[in-house]
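Written below as structure tokens is the structure these notes are about.
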Amino acid sequence: QVRVMESGGDKVQTGGSLTLSCTASGLDFNKSAMIWFRQGPGNKREGVAFIDARSTCTYFANAVKGRFTISRDNSQATVTLQMNSLIPEDTGMYYCATPSYDFCARSWSEPSRYMTWGQGTLVTVSS
């Protein structure tokens with residue numbers, strides 16, 4: 001059974017930083033793209049950052065470009081979202097997800113591509 005589990009959510013002040021981690025199991029991680037979504041209060045779920053299996057292709061939501069980075073360690077089956085210069089609009093539940101296959105496409109943020117989702121980790125940014 002494919003599973004992903006997020007960690008690292010916390011409450012921080014505006015301008016602060018957080019590192020979210022996602023650990024995957026039950027899949028060939030070396031052949032799987034990974035993505036972070038988020039859902040803020042009253043908002044729909046949106047793609048935040050994407051990375052392909054070999055770290056050769058990444059995508060970011062416009063709202064986080066220049067502030068967030070995504071990386072992965074295939075030897076540990078983990079993907080990391082480094083979030084800097086956080087603002088209150090970054091508040092929300094952050095989800096890790098995988099389609100269990102590799103790809104790189106402009107449709108990276110389409111939720112229907114992703115079969116396995118974690119339970120989420122909460123990020124709260126106070127002003």
Requested in this report: Show your working on side-chain hydrogen bond (donor to acceptor under 3.5 Å, both in side chains) between S107 and R113 and close with a plain yes or no.
Outcome: CA-CA 9 Å; S107 58; R113 276 190 171 271; 2.8 Å; yes
Spacing of [X] atom [atom1] and [Y] atom [atom2] [to the nearest 0.5 Å]:
X    : Y    : atom1 : atom2 : result
D52  : R54  : CG    : CZ    : 6.5 Å
M115 : Y101 : CE    : OH    : 9.0 Å
Y94  : L18  : OH    : CG    : 9.0 Å
S75  : N30  : OG    : CG    : 9.0 Å
C57  : F103 : SG    : CZ    : 8.0 Å
S17  : D10  : OG    : CG    : 12.0 Å

Measure the shortest side-chain to side-chain distance between [X] and [Y] over non-hydrogen atoms and say whether it is less than 4.5 angstrom.
X    : Y    : result
D90  : R67  : yes
T80  : S71  : yes
V12  : T124 : no
D102 : S32  : no

Requested in this report: Under the ring-ring contact (aromatic ring centres under 6.0 Å, His included) rule, collect the residues that match up with F37, sequence neighbours excluded.
Outcome: Y114, W117
Can you give me the closest heavy-atom contact between [X] and [Y], atom names plus distance?
X    : Y    : result
C96  : M34  : SG-CE, 3.5 Å
T98  : V4   : CG2-CG1, 4.1 Å
V48  : V64  : O-CG2, 3.7 Å
G120 : E6   : N-OE1, 2.9 Å
S109 : I35  : CA-CD1, 4.2 Å
T14  : S127 : OG1-CA, 3.4 Å

Requested in this report: Report the C-alpha distance between W36 and V79 in whole Å, list the side-chain angles of each, state the deciding distance to 0.1 Å, and finish with yes or no for side chain to side chain contact (heavy atoms under 4.5 Å, CB included).
Outcome: CA-CA 9 Å; W36 286 95; V79 59; 4.1 Å; yes
Query raised in the report: For Q119, does the CD atom have more than 12 heavy-atom neighbours from other residues, nucleotides or ligands under 6.0 Å away?
Result: no
Query - Residue M5 excluded, over 12 heavy atoms near CE under 6.0 Å - result: no
**Report entry** Side-chain H-bond candidate by donor/acceptor type, Q13 with S126, under 3.5 Å
**Finding:** no
Query raised in the report: Going by distance alone, is a donor N or O of one side chain under 3.5 Å from an acceptor N or O of the other, for T78 and D73?
Result: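 The criterion, which ignores hydrogens and geometry beyond distance, is not satisfied for D73 and T78.
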**Report entry** Six-ring centre of F29, R72 cation under 6.0 angstrom, axis tolerance 45°
**Finding:**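 Yes; both conditions hold, so R72 lies above the ring face of F29.
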Query raised in the report: Aromatic ring centroids of W108 and Y59 under 6.0 Å?
Result: yes
Requested in this report: Check each of L81, T91, L20 against V123 using the side-chain contact (heavy atoms from CB on, under 4.5 Å) test, and report the only one that passes.
Outcome: L20
Query raised in the report: Is there a donor-acceptor pair under 3.5 Å between the side chain of N74 and the backbone N or O of A53?
Result: yes
Query - Residues in salt bridge (Lys or Arg N to Asp or Glu O under 4.0 Å) contact with E46, at least two apart in sequence or another chain - result: R38
